[in-house]
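Some notes on the structure that comes next.
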Amino acid sequence: MRFLTAGESHGQKLVGIIEGLPAGMKISKASVDEALRKRQQGPGRGGRMAIEQDEVQLISGVRGGLSTGAPIALEILNRDWENWASIMAWGEEADLESRKVMTPRPGHADLTGALKYHTEVRNILERASARETAMRVAIGSIVRQGLSALGVEIRGQVRAVGGIHAQCTDEEEYWQRVKQSEWSVGDPVAEQQMGERLLVAREQGESLGGLLEVQVLNLPAGLGSHVQWDRKLDGKLAQAVLSVQAIKGISFGIGFEAGEQMGSLVHDPIHYCPGQGFSRGSNHAGGIEGGMSNGEAIVLQAVMKPIPTLYQPLDTVHLETKEVVKASVERSDVCAVPAALVVLEHVVAWVIAEVVLEKFPADSFRELETAWEAYRAYLTL
Ligand code: EPS
């Protein structure tokens, strides 16, 4: 299974193609739109989100609510394009001057992209923009629906924003609050402090990053593989998560703390219960050992840096004159941590779907379900 996306932030639309999804899988457009709507929300979003109302168009590969096995083509229109049509036009009539950017923002793809592709910054920032993640959410949402039909659940929470940490628990009640929270945080005290920190950041022309957690529940042991570097599940997840704009690090389970402790306190003792199979007394590994899921919940954390567009910009150098000037100010978000969480949940869904299909190759969803159930039954012997 594979996918490709295309589209600029202020271009006509975002497009995507998925290939390799089994036939006969239920696909709900409403679920995709719901994921897109969630990605647009969050308290730190900027003016652009008031313009866009993301909605997917399913162009091919789905009929009567079921995948056909053919490539699935998707589109999401950029409403803002109307304001950019002459600037983003593909032909010679394009206005290449009025929104030209010659003052790269530190922290963005601007400078290196301009040097590498020998262009001004506009061509770089249009594709580097996190607008592109709307399509990755749509694609992830489609495969997530298949995972959900197999009983696999993916959930996420924001653990920290701008240095304010939520006091997280694993209680059901906590996760219910996460679902209802505009920050995706289950700790109301931290949530309030995050809101206050956001106001200060906005006033100061600053931006905020944070810490995010994604969990995958009800996954059987044995997805991914130890035999080759590019088949290891933790490696695949890391690649997908780090490819999301502004994500700078990832860890699994107890993460970097594992380097501080004795082995006996790090590794998870193995238990066995007839009729239920193997399990662990703890989950410090975050559900992955030897590049394979081990049957416990996959738990990963990622760090998001503050968005590089600052309304009080940092120093930069003009690409032509080489004068020291202030970096350009594109309209931007102050904090997109809750939006990034939605993106992470969906890129994780993609990787999980990939390893599921690697273990259970199937042309039809029915075949997949049969193989999945048989394997699960074997694991409980
Ligand atoms: C982004 C800048 C802003 C964000 C954008 C990412 O866009 P604009 O320059 O049009 O105001 O809103 O994110 C999205 C459009 C989105 O859908 O997430 C950037 O520079 O990365």
Side-chain angles (χ1 to χ4, degrees), residues 8-10 39-52 78-80 83-84 87 98-114 120-134 158-166 181-185 190-212 244-249 302-343:
E8 280 80 35
S9 183
H10 303 100
R39 194 201 68 94
Q40 286 198 271
Q41 291 175 339
R45 296 291 253 156
R48 176 75 183 271
M49 289 305 105
I51 301 173
E52 304 297 343
N78 287 325
R79 287 183 158 210
D80 204 16
N83 305 317
W84 289 78
I87 294 156
S98 54
R99 296 303 297 266
K100 192 172 179 175
V101 177
M102 297 296 281
T103 50
R105 292 159 295 171
H108 220 283
D110 294 1
L111 174 61
T112 314
E120 55 104 6
V121 173
R122 170 67 47 200
N123 284 350
I124 303 305
L125 71 84
E126 283 294 333
R127 182 63 185 160
S129 161
R131 178 77 189 139
E132 173 263 334
T133 62
V158 168
R159 294 188 66 116
V161 169
I164 294 169
H165 289 255
S181 154
E182 57 174 3
W183 283 100
S184 298
V185 163
E191 191 175 19
Q192 164 140 13
Q193 288 169 345
M194 287 170 187
E196 288 159 12
R197 180 68 48 99
L198 177 70
L199 288 180
V200 174
R202 188 172 272 139
E203 258 168 43
Q204 294 177 340
E206 281 287 358
S207 59
L208 294 173
L211 201 60
L212 310 102
V244 174
Q245 287 78 345
I247 300 296
K248 302 309 291 177
V303 60
M304 181 183 196
K305 70 180 179 181
I307 284 170
T309 302
L310 300 176
Y311 285 95
Q312 293 290 335
L314 293 174
D315 282 355
T316 187
V317 174
H318 191 283
L319 288 180
E320 210 163 70
T321 66
K322 309 291 192 286
E323 275 169 334
V324 174
V325 285
K326 291 293 174 194
S328 74
V329 182
E330 287 270 320
R331 175 188 57 191
S332 186
D333 307 318
V334 178
C335 174
V337 175
L341 180 67
V342 178
V343 179

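No experiment lies behind these values; they were computed from the predicted model shown.
Panel note: side chain E132, backbone R127; no donor-acceptor pair is recorded below 3.5 Å. Within the 3.5 Å criterion, the main-chain N or O of E8 finds a donor-acceptor partner in the side chain of N78. A distance-only check finds a donor-acceptor pair linking the side chain of Q245 to the backbone of S129 [under 3.5 Å]. Of the possible donor and acceptor atoms, none in the side chain of E191 sits under 3.5 Å from a partner among the backbone N and O of S181. A distance-only check finds no donor-acceptor pair linking the side chain of T316 to the backbone of A327 [under 3.5 Å]. E323 places no side-chain N or O within donor-acceptor distance of the main-chain N or O of V325, the cut-off being under 3.5 Å. Looking at E206, its side chain never comes within 3.5 Å of a backbone N or O of V200 through a donor-acceptor pair.
When all heavy atoms of P308 and G107 are compared, the closest pair comes out as CG-O, 3.4 Å. The two atoms that bring H108 and A128 nearest to each other are CE1-CB, 4.3 Å, heavy atoms only. Nearest heavy-atom pair across L310 and I307 is CD2-O, 3.9 Å. When all heavy atoms are compared, the tightest approach of D333 to G46 is OD1-N, 2.7 Å.
Side-chain contact between K326 and T103: absent, with no pair of heavy atoms (C-beta onward) separated by less than 4.5 Å. R79 is listed as a side-chain neighbour of E52, based on a closest heavy-atom distance under 4.5 Å. Residues V334 and L198 meet the side-chain proximity criterion, which asks for heavy atoms closer than 4.5 Å. In this structure the side chain of R105 reaches within 4.5 angstrom of the side chain of L125, judged on heavy atoms.
One distance of note links CD1 of I51 with NE2 of H10; it measures 7.5 Å at 0.5 Å rounding. Atom OG of S184 is separated from atom CG of L212 by 9.0 Å, given to the nearest 0.5 angstrom. A distance of 9.0 Å separates SG of C335 from CE of M194, quoted to the nearest 0.5 Å. Summarising the geometry, atom CG belonging to N123 is positioned 11.5 Å from atom CG belonging to D110; distances are rounded to the nearest 0.5 Å. How far CZ of R202 is from OG of S207: 12.0 Å, rounded to the nearest 0.5 Å. Put simply, NE2 on H318 and CE on M102 are 5.0 Å apart, with the number rounded to the nearest 0.5 Å.
Heavy-atom contacts from other residues, nucleotides or ligands closer than 6.0 Å to CD of Q41 number more than 12.
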